[in-house]
Amino acid sequence: MVDQYQVLHGIIASRRSVRRFRPEPVPEGDVRKMIECARWAPSATNQQPWRFIAVATRRAIAELARLVDRRLNELIIEARDGGLEELAARLKSFGTYATFFGGAPLLIVCVARPYQSRFSAAVFQALGYEQKARSVESLKSVSLAAQNLLLAAHALGYGACPMSAPQAFAGTEMKAYLGIPPEEEIVLLVPVGRPDHVPHPPRRKEIDEILTWL
């Protein structure tokens with residue numbers, strides 16, 4: 001009998017954040033398998049407030065990376081003009097880290113729609129938490145779906161990496177390029193491809209460091 005826990009643990013523990021990819025394209029069938037796993041993630045009141053944009057052309061991926069790089073350069077100039085040389089240096093060193101997705105054969109953009117639960121709307125409105133709840137619940141649900149996607153990609157033999165920096169710097173520009181409406185938000189970018197390099201496993205805290213019993 002297959003030990004399902006051991007199989008699952010093996011997939012989870014062997015997954016790495018891959019930032020260097022081989023150039024071969026990712027077949028549509030494999031992309032659909034990843035999204036199949038993503039769509040089974042839990043979501044608040046089953047709203048499933050996610051959607052995914054599969055960017056599979058080199059031109060489009062390179063353009064998104066260029067938008068991030070351009071915005072970073074603008075911020076570097078602003079920092080220097082303001083006498084913030086240390087900030088400018090940090091932004092410059094961050095450039096490669098925020099744009100490496102440009103070398104991936106596939107980029108999956110994880111998008112969140114605003115949370116729309118009628119069940120709790122009256123409560124959130126009464127407490128003044130409605131706007132916060134709409135954002136937090138959507139981010140939570142899409143992040144859970146993205147974790148399923150990452151594990152599925154790894155199980156299929158691909159490398160991937162969840163990224164939040166690109167949209168932090170150039171979210172507005174990327175949304176315009178991708179045709180994402182104002183009410184929706186980019187939560188994560190996930191570059192995917194056959195790994196060209198798999199990093200060594202980072203240290204994980206021991207269970208007793210992170211588990212408290214009451």
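Basis for what follows: all heavy atoms, side chains included, without hydrogens, waters or symmetry-related copies.
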N/O donor-acceptor pair under 3.5 Å between [X] side chain and [Y] backbone:
X      : Y      : value
Thr99  : Ala65  : no
Ser138 : Tyr115 : yes
Arg113 : Gln48  : yes
Lys175 : Ile186 : no

Exercise. Given Glu137 and Gln47, is the side-chain contact (heavy atoms from CB on, under 4.5 Å) satisfied, shown in steps?
Worked result: CA-CA 10 Å; Glu137 293 296 341; Gln47 287 291 302; over 6 Å; no
Nearest 0.5 Å, please: how far is [atom2] in [Y] from [atom1] in [X]?
X      : Y      : atom1 : atom2 : value
Gln167 : Leu188 : CD    : CG    : 6.0 Å
Leu144 : Leu149 : CG    : CG    : 12.5 Å
Asp208 : Trp213 : CG    : CH2   : 10.0 Å
Ile35  : Cys110 : CD1   : SG    : 7.0 Å
Phe169 : Arg70  : CZ    : CZ    : 15.5 Å
Leu178 : Glu63  : CG    : CD    : 10.0 Å

Exercise. Per the side chain to side chain contact (heavy atoms under 4.5 Å, CB included) rule, which among Ile76, Leu84, Asn73 passes with Leu91?
Worked result: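 Running side chain to side chain contact (heavy atoms under 4.5 Å, CB included) over Ile76, Leu84, Asn73 with Leu91 returns exactly one hit, Ile76.
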Residue [X] excluded, over 12 heavy atoms near [atom1] under 6.0 Å:
X      : atom1 : result
Gln4   : CD    : no
Glu209 : CD    : yes
Gln6   : CD    : yes
Arg58  : CZ    : yes
Ile207 : CD1   : no
Glu86  : CD    : no

Exercise. Any side-chain heavy-atom pair from Arg15 and Ser17 closer than 4.5 angstrom?
Worked result: yes
Exercise. Where do Met34 and Val26 land on the side-chain contact (heavy atoms from CB on, under 4.5 Å) test, with the steps shown first?
Worked result: CA-CA 11 Å; Met34 295 174 207; Val26 180; 4.1 Å; yes
Nearest heavy-atom pair of [X] and [Y]: which atoms, and what distance?
X      : Y      : result
Pro166 : Met163 : CG-CE, 3.6 Å
Ser14  : Gly10  : OG-O, 2.6 Å
Lys140 : Ala44  : NZ-CB, 4.2 Å
Leu150 : Ala160 : CD2-CB, 3.8 Å
Val190 : Pro162 : CG2-CA, 4.4 Å
Trp50  : Ala41  : CH2-O, 3.2 Å

Exercise. Honestly, is Arg194 close enough over Phe21, meaning NZ or CZ under 6.0 Å from the six-membered ring centre and within 45° of the axis?
Worked result: no
Would a hydrophobic clustering, with Ile, Leu, Val, Met, Phe, Trp and Tyr connected at side-chain separations under 4.5 Å, put [X] with [Y]?
X      : Y      : answer
Tyr177 : Phe101 : yes
Ile61  : Phe52  : no
Ile53  : Val31  : no
Met174 : Val187 : no
Leu72  : Tyr97  : yes

For this session: Please assess Glu36 against Lys33 for the test salt bridge (charged side-chain N to carboxylate O under 4.0 Å, His left out), listing each intermediate value before the final yes or no.
Result: CA-CA 5 Å; Glu36 166 65 14; Lys33 288 177 181 177; over 6 Å; no
